[in-house]
Amino acid sequence: MNESNESPVYGENGELVKVGSDLKHIAFIMDGNGRWAKMRGKRRDYGHTEGAKAFERIVEYCGKIGIRVMTVYAFSTENWKRPKEEVDKIMLLLEKYLDKLLAKVSQYDIKVKFIGDKIPLSEKLKKKIALAEKETKNKGRLLNIALNYGSRAEITEAVNKLIKRGIGRVTEKDISDALYTAGEPDPDLIIRTAGEQRLSNFLMWQAAYSEFYFTDVLWPDMTDKDVEKAINNYYKRTRRYGGLA
Ligand code: FPP
């Protein structure tokens, strides 16, 4: 954890050792699994398998450098349009990750939380998610996994919750507090891999003042060094939040 550390810490060779307290939350749009597989003459599934390995690698690195909140876009509300085998594969990879996390729960300082609509998920996956969320709830750093997530759906659902509560006039805080990410810091940095430069219905409310970083690296190739590069780029920016520098 990195509560009191104001500035980033660098090692002897200029490598990033710890982020500063102004970088609490990094979100990732893990794009390019399919292209990575296609370039190797393999099925898209294989790209997702390697993508899941990259995910674990990056989760570990973000923990090492003191990132308190990490969010990954694993499956959007629109991804159901993909072939069933591909959808099943992504769900299976998530199950496997949860099995691993649960088996080694004492070794990880990860509080896992799923954001998105869980209703259409399989009963088996729902049970694993509930167990993983329960077993890790007192851990330190937060890992949000966006699954069957869509920002428009999230905001719409938040507004409907507030209407149901009989609220007369809605404030920005009411909406923030009714989102899946209630109480969490907004993402400071959003990294999207594989060259696309769009948000794709991801954290649209929360990203109001996020810094964006786009890289051509395909997600399965993503390394610690690539994340470090994005963070170094983040530290070159001046965040003004609509004010003056
Ligand atoms: C986007 O690449 C990626 C996805 C829709 C799935 C992301 C899933 C993983 C990284 C693996 C499972 C996740 C976890 C958390 C264990 P794409 O398939 O759209 O790539 P393309 O644009 O090259 O086709």
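Start at 1 and go down the list; that is how both ligands and their atoms are numbered.
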- Task: For Arg169 and Asp174, run side chain to side chain contact (heavy atoms under 4.5 Å, CB included): C-alpha distance rounded to whole Å, both residues' side-chain angles, the deciding distance at 0.1 Å, then the answer.
- Result: CA-CA 9 Å; Arg169 196 175 177 281; Asp174 290 328; over 6 Å; no
Give a yes/no on ligand 1: does [X] have at least one heavy atom closer than 4.0 angstrom to it?
X	value
Arg82	yes
Val72	no
Ala194	no
Arg44	yes

Who's the nearest protein heavy-atom neighbour of [atom], and how far?
atom	result
atom 10 (C) of ligand 1	Asn33 ND2, 3.4 Å
atom 5 (C) of ligand 1	Asn79 OD1, 3.7 Å
atom 11 (C) of ligand 1	His48 O, 3.6 Å
atom 3 (C) of ligand 1	Met30 O, 3.1 Å
atom 7 (C) of ligand 1	Ala74 O, 3.4 Å

- Nitrogen or oxygen of Arg35 less than 3.5 angstrom from that of ligand 1: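 Yes: some nitrogen or oxygen of Arg35 is under 3.5 Å from one in ligand 1.
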- Message: Test your reading of the structure: does Ala52 have an N or O sitting under 3.5 Å from an N or O of ligand 1?
- Response: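 It does not: no N or O of Ala52 is found under 3.5 Å from an N or O of ligand 1.
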Electrostatic pair [X]-[Y], nearest N-O below 4.0 angstrom:
X	Y	value
Lys89	Glu86	no
Lys124	Glu95	yes
Asp224	Arg57	no
Glu56	Lys100	yes

- Would you please indicate yes or no on a ring centroid separation below 6.0 angstrom for Tyr97 and Phe55?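 Distance test on ring centres: under 6.0 Å, yes.
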Can you list the atoms of ligand 1 that are under 4.0 Å from a heavy atom of [X]?
X	answer
Ile90	6 (C)
Gly51	10 (C)
Phe55	15 (C), 16 (C)

- Item | Pair Tyr149-Asn201, side-chain donor/acceptor within less than 3.5 Å |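 Note: Tyr149 and Asn201 side chains miss the donor-acceptor criterion.
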- Quick one: do the Glu184 and Asn144 side chains pair a donor with an acceptor below 3.5 Å?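 Result is yes, a qualifying pair exists.
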- Spell out, as yes or no, whether a donor-acceptor pair under 3.5 Å connects the side chain of Asp226 to the backbone of Thr223.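 Indeed, once roles are kept as given, a pair shorter than 3.5 Å links the two residues.
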- Of the side chain and backbone of Ile145, name the one, both, or neither that has a heavy atom under 4.0 Å from an atom of ligand 1.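 Looking at Ile145 and ligand 1, no heavy atom falls under 4.0 Å.
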- Query: Looking at Trp36, does the NZ or CZ of Arg40 lie under 6.0 angstrom from its six-membered ring centre and within 45 degrees of the ring axis?
  - Reply: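 Arg40 over Trp36 ring: yes.
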- Query: Counting heavy atoms only, which of Leu147, Leu94, Asp31 comes nearest to atom 15 (C) of ligand 1?
  - Reply: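 Nearest option to atom 15 (C) of ligand 1, by heavy atoms: Leu94.
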